[in-house]
There are 2 protein chains.
Amino acid sequence: MAPRSAGKNAESSDKVGVICRALRRAIIEQALEPGAKLPEDSLGERFGVSRTIARHALGQLAAEGLVELRRNRIAVVATPSWQEARDAFDIRIELERLVVRQLAGKLTKPQIATLNAHVDAEDAARDGTDAVSIRLATEFHILLAHMTNSPILVRYVSEVAYRCCLTLSLYSRPHSSECAINEHRAIIAALVKGDEAKVMALMHSHLDSVASRALVAPAPQRGRDLLDILAPYADEGGSERVVKLPKVVRVR
Amino acid sequence: MAPRSAGKNAESSDKVGVICRALRRAIIEQALEPGAKLPEDSLGERFGVSRTIARHALGQLAAEGLVELRRNRIAVVATPSWQEARDAFDIRIELERLVVRQLAGKLTKPQIATLNAHVDAEDAARDGTDAVSIRLATEFHILLAHMTNSPILVRYVSEVAYRCCLTLSLYSRPHSSECAINEHRAIIAALVKGDEAKVMALMHSHLDSVASRALVAPAPQRGRDLLDILAPYADEGGSERVVKLPKVVRVR
DNA sequence: GGCCGCCAAACTGCATGCAATTCAGGCGCT
DNA sequence: AGCGCCTGAATTGCATGCAGTTTGGCGGCC
């Protein structure tokens with residue numbers, strides 16, 4: 001219970017951080033869809049900074065996997081493959097099991113209140129847009145991570161949760177949030193009760209159900225995926241082996 | 001076994017990537033100790049690039065937790081607290097259990113050969129410097145992660161493994177590698193045999209033993225830790241509440 | 001001697017400029 | 001009409017320059 005460093009991470013007080021946070025939020029609220037272009041100029045202009053800063057922000061987001069950066073090409077919002085989405089959920093399950101394992105029976109009263117308040121907010125937002133519900137649902141998990149007081153865990157859970165959001169907006173159109181909210185409440189209850197095994201199982205099944213609701217089919221063909229299919233053949237090895245094909249595929 | 005995208009990540013073909021890799025390696029080989037200063041100028045000069053690029057590289061490494069970036073201050077190699085070290089190992093254990101779970105019984109012959117060759121290399125390096133053994137031991141784990149063909153898993157395992165290296169160089173001076181090598185061999189054997197539960201247990205105990213060998217004591221006082229102890233009291237909240245104290249503490 | 005404040009050097013924060021590359025659309029050819 | 005080339009506009013890669021901040025050491029003062 002001893003307060004560890006809740007330290008601000010590297011990006012939190014400068015303009016780069018502002019841009020990162022704004023873009024992250026735009027991405028998880030699906031205002032920016034996967035594949036959306038992010039030119040440095042436009043970003044810089046929009047946020048009132050120079051390209052240098054916008055570029056740096058894109059670098060950070062790329063390191064988090066939210067943005068794809070290819071040399072000499074416009075940055076785009078990442079478009080994870082179905083398999084990557086699945087992988088992200090697998091990792092997320094393990095990380096969040098770790099979170100609730102550390103938290104079981106150790107929550108303070110104010111923490112419990114905070115969690116309940118958050119779920120209430122999720123409830124209240126049920127008749128709002130999907131974007132907001134998704135964001136709130138994700139933030140619930142990040143909130144839990146924060147309560148471990150482990151900056152590393154916070155970072156990884158946040159990142160992977162954002163990535164999962166991204167895949168949700170790619171592979172699952174309808175978002176039914178009521179059940180998720182109930183599951184959140186169940187998790188809080190089990191955490192308070194301190195039943196470690198139970199809460200780990202709950203979290204597991206919660207995430208697993210979100211994942212399987214979202215990632216139902218391997219969906220080999222969906223939307224603009226032709227390039228994804230081609231990608232593995234094109235980017236193998238270090239030496240820019242380029243697949244030569246007639247320019248048939250056109251994105252957007 | 002279908003080959004997924006083994007895609008190069010964002011940083012791998014430009015000068016930024018070169019600097020990042022060089023610094024990462026220098027850090028895990030302890031050529032750069034925790035706390036070492038990394039001025040943008042010097043880096044740029046050393047690598048023949050401008051400050052802009054060096055700065056960008058530092059940003060990436062900061063995102064990975066290897067470097068600490070404080071506004072208007074020289075970047076330094078990260079100095080994780082003991083608790084952060086412990087957290088990193090906890091996360092690492094979960095992630096690597098996931099790795100070997102995915103890999104159990106699914107290794108191809110060439111993969112097995114690669115792994116064996118690597119452990120042989122570890123063996124051969126036993127009478128070299130500690131730095132090299134540590135690096136090789138870490139690379140064994142990253143090699144395993146690569147074989148899952150999951151770029152996300154590779155990224156997280158690599159990051160957290162590097163962080164653990166960093167803590168090793170902080171909190172544990174002597175490095176006994178023989179047992180680690182044997183444990184690596186045992187893991188390979190169990191992977192080949194396909195015994196999922198066994199290999200997960202092996203990996204768990206392997207990492208746990210490394211961790212407990214390294215992080216024996218809570219070590220509240222060790223080296224330069226005064227600042228770490230003070231940190232939680234100083235950096236709480238967003239608004240730069242600075243602890244005012246006579247300049248007694250001096251680092252280096 | 002020890003402590004405080006000041007000042008120059010060092011360093012970062014950021015914008016801008018130039019070269020190189022990619023992109024898009026039009027033109028000519030078949 | 002369809003296909004390919006070619007050119008200008010858009011965009012990135014990177015270095016440099018300037019302004020603001022920190023650092024560390026020197027001199028003065030107690």
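Lettering follows sequence order; numbering is per chain, from 1.
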With B:His141, which residues qualify under ring-ring contact (aromatic ring centres under 6.0 Å, His included), at least two apart?
B:His184, B:His206
Hey, are B:Arg92 and B:Glu159 close enough for a salt bridge, meaning a charged N less than 4.0 Å from a carboxylate O?
no
Atom pair distance, as rounded to whole Å: CG in B:Leu69 and P in C:dC11
15 Å
In A:Val49, A:Ile53, A:Leu58, A:Thr52, the residue satisfying side-chain contact (heavy atoms from CB on, under 4.5 Å) with A:Val16 is A:Ile53
salt_bridge(B:Glu64, B:Arg24) N-O dist < 4.0 Å:
yes
Once you round it to whole Å, what is the distance between C1' of C:dC14 and CZ of A:Phe47?
17 Å
Nearest-Å distance, CG (B:Leu43) to P (D:dA15)?
13 Å
Counting N and O atoms only, with roles assigned by atom type, does the side chain of B:Glu68 sit under 3.5 Å from a partner on the main chain of B:Ala75, one being a donor and the other an acceptor?
no
For nucleotides 8-14 of chain D, 5' to 3', base contacts (B), sugar-phosphate-only contacts (S) and non-contacts (-) with protein non-hydrogen atoms under 4.0 Å give ---SBBB
